[in-house]
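Worksheet: one structure, shown below.
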Amino acid sequence: MAIFVTSDAHGHLRALDRALELAAPGSDDTVYVLGDMVDRGPDPVGVLRLVHGLPNARVLLGNHEDMLLTALATGEQLDLLTWEMNGGSSTAAGLDALPREEYVELVEWIEQLPLFDVVEVGGRKYLLCHAGIDALALRGYLASAGYGPDEGYARVPLELYRDAMEQQTAEDLLWTRGEFWGEPTGLVSRDGSGPVVIAGHTPSVLLYRYASLLSQPVLYADERACAVEVGACWDTGGVADRVDIDCSAAAGAPVGRVGVMRLDDRRMFYGTIEDGE
């Protein structure tokens with residue numbers, strides 16, 4: 001059973017569909033979607049429908065889904081304006097055009113989406129969330145349970161990582177940016193063992209503003225955005241402790257793409273956003 005991760009399609013249905021077609025997850029595989037399915041792009045409801053219908057999909061809440069829910073729940077002008085300013089108009093129009101039954105089904109599905117997940121693949125644990133984590137707080141929680149850097153974080157049980165992620169704030173899991181990408185997590189030891197955090201939220205083309213030790217340029221030779229691993233250095237045994245899976249779909253063509261990573265071998269599959277999409 002393979003594990004795939006994608007994030008931040010931002011209404012670009014065709015690009016997401018292309019990436020998934022290339023990745024070709026099977027019926028026994030799991031696809032993690034780290035939020036921001038909606039807003040900005042031309043067909044956010046199409047993305048919601050596609051992801052909602054994926055077999056074995058595990059979907060997390062993104063900050064754009066959170067803005068959607070807040071605007072719908074309160075109806076306050078400020079919340080509606082905030083959502084609109086962040087690209088919510090296309091989502092609102094698509095939802096308004098739905099039959100009442102499907103509208104309710106999709107919104108209720110979004111309401112129950114979790115903020116994180118933890119998975120182990122090939123002997124390595126991955127912490128999955130939309131934006132990132134407060135690594136200092138997480139290490140503090142692990143220390144209270146008797147785990148620290150001297151012993152290494154690779155041996156921390158999966159369920160304890162779940163407990164630690166439960167203590168993270170929604171603000172960090174949905175919105176953090178510079179604080180997360182700008183500092184190592186401290187979770188990967190010098191022997192290269194330890195958990196890796198995979199997040200979206202920050203378009204990879206903007207990573208140079210926040211992070212050092214990028215594994216590659218943020219654009220390939222074809223000037224298209226890509227997923228970027230961050231933090232590989234001597235202190236981590238050459239292993240990146242963070243991966244940005246947001247391939248800048250929010251920017252649209254010609255730079256943006258939707259990326260799907262197969263965790264089993266870290267292979268990337270890209271769906272390119274074409275002009276007019």
Side-chain angles (χ1 to χ4, degrees), residues 5-10 32-40 58-70 79 82-83 85-88 110 113-119 125-143 153 156 160-188 194-215 218 225 227-233 236 239-251 259 261:
V5 181
T6 186
S7 189
D8 292 83
H10 277 297
Y32 286 87
V33 181
L34 308 187
D36 279 12
M37 297 170 281
V38 300
D39 300 347
R40 304 197 187 281
R58 298 187 183 179
V59 187
L60 306 185
L61 192 74
N63 65 301
H64 279 260
E65 286 84 26
D66 189 54
M67 283 190 287
L68 178 160
L69 293 175
T70 299
D79 293 329
T82 298
W83 185 31
M85 290 176 60
N86 284 277
I110 295 169
L113 295 179
L115 293 173
F116 70 88
D117 211 331
V118 182
V119 64
K125 299 176 182 73
Y126 293 90
L127 312 182
L128 309 177
C129 56
H130 176 64
I133 65 170
D134 179 339
L136 180 61
L138 190 139
R139 295 198 311 272
Y141 184 87
L142 296 179
Y153 294 101
V156 175
L160 184 56
Y161 274 120
R162 291 187 185 279
D163 293 342
M165 291 291 283
E166 285 281 3
Q167 309 309 310
Q168 295 278 299
T169 68
E171 181 74 15
D172 282 323
L173 294 172
L174 293 175
W175 290 95
T176 190
R177 185 160 280 159
E179 297 88 346
F180 171 65
W181 294 111
E183 296 290 339
T185 65
L187 297 170
V188 176
V196 172
V197 183
I198 300 185
H201 182 59
T202 299
S204 61
V205 294
L206 301 181
L207 263 181
Y208 67 90
R209 296 183 181 180
Y210 308 106
S212 58
L213 300 175
L214 274 62
S215 63
V218 297
V228 178
E229 299 188 359
V230 177
C233 62
T236 65
V239 173
D241 61 347
R242 290 150 288 162
V243 179
D244 186 356
I245 197 72
D246 180 347
C247 301
S248 310
M261 175 180 280

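The structure displayed is predicted, hence computed values, not measured ones. When a residue number appears, it is its place in the shown sequence, counting from 1.
- Thr176 approaches Ala131 most closely through the heavy-atom pair O-CB, 3.5 Å.
- Applying the side chain to side chain contact (heavy atoms under 4.5 Å, CB included) rule to Ser212 yields no partners; only residues at least two apart in sequence or on another chain are considered.
- Residues Leu160 and Tyr141 meet the side-chain proximity criterion, which asks for heavy atoms closer than 4.5 Å.
- Partners of Asp246 according to the side chain to side chain contact (heavy atoms under 4.5 Å, CB included) rule, which considers only residues two or more places apart in sequence or in another chain, are Asp8, Pro203, Asp244.
- Going from atom CG of Leu173 over to atom CG of Asp66 covers 11.0 Å, rounded to the nearest 0.5 Å.
- Leu127 is not listed as a side-chain neighbour of Val196, based on a closest heavy-atom distance of 4.5 Å or more.
- A distance of 11.5 Å separates CZ in Phe116 from CD1 in Ile133, rounded to the nearest 0.5 Å.
- In this structure, the separation between CG on Asp79 and CG on Leu68 is 11.5 Å, given to the nearest 0.5 Å.
- Checking each of Asn63, Leu61, Leu60 against Asp36 for a side-chain contact (heavy atoms from CB on, under 4.5 Å) leaves exactly one that passes, namely Asn63.
- Put simply, CG on Leu187 and OG1 on Thr236 are 11.5 Å apart, with the number rounded to the nearest 0.5 Å.
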**Study point:** Ile110 and Leu69: CA distance, side-chain angles, deciding distance, side-chain contact (heavy atoms from CB on, under 4.5 Å) verdict
**Key:** CA-CA 8 Å; Ile110 295 169; Leu69 293 175; 3.8 Å; yes
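- Expressed to the nearest 0.5 Å, how far OH of Tyr161 lies from OH of Tyr153 amounts to 7.5 Å.
- With sequence neighbours excluded, the residues satisfying side-chain hydrogen bond (donor to acceptor under 3.5 Å, both in side chains) with Arg177 are His201, Thr202.
- Partners of Ala211 by side chain to side chain contact (heavy atoms under 4.5 Å, CB included), not counting sequence neighbours, listed by chain and number: Trp181, Leu207, Leu214, Val230.
- For the pair Arg58 and Leu128, the minimum side-chain heavy-atom distance is 4.5 Å or more.
- Heavy atoms only, all atoms of each residue included: Val59 and Pro114 are closest at O-CD, 3.3 Å.
- Met67 is listed as a side-chain neighbour of Thr82, based on a closest heavy-atom distance under 4.5 Å.
- Between His64 and Arg40, the closest side-chain pair of non-hydrogen atoms falls below 4.5 Å.
- Between Ser7 and Ile245, the shortest heavy-atom contact is CB-CG2, 3.4 Å.
- Residues Ser215 and Val228 meet the side-chain proximity criterion, which asks for heavy atoms closer than 4.5 Å.
- The two residues Asp39 and Asn86 come nearest to each other via the heavy atoms CB-O, 3.8 Å.
- Not counting sequence neighbours, the partners of Pro184 by the side chain to side chain contact (heavy atoms under 4.5 Å, CB included) test are Asp241, Arg242.
- Looking at Glu65, its side chain does come within 3.5 Å of a backbone N or O of Met37 through a donor-acceptor pair.
- For the salt bridge (Lys or Arg N to Asp or Glu O under 4.0 Å) condition, the pairs that include at least one residue of residues 161-176, sequence neighbours left out, are Asp117-Arg162, Glu159-Arg162.
- For the residue pair Ser248 and Ser204, the shortest heavy atom distance occurs at OG-N, 3.3 Å.
- Put simply, the side chain of Gln168 gets close to the backbone of Asp134: a donor and an acceptor are under 3.5 Å apart.
- Looking only at side-chain heavy atoms (C-beta outward), Met261 and Thr6 stay at 4.5 Å or farther from each other.
- Summarising the geometry of Lys125 relative to Val156, their closest heavy-atom pair is CE-O, 2.9 Å, with the distance given to 0.1 Å.
- Between Leu115 and His130, the closest side-chain pair of non-hydrogen atoms is not below 4.5 Å.
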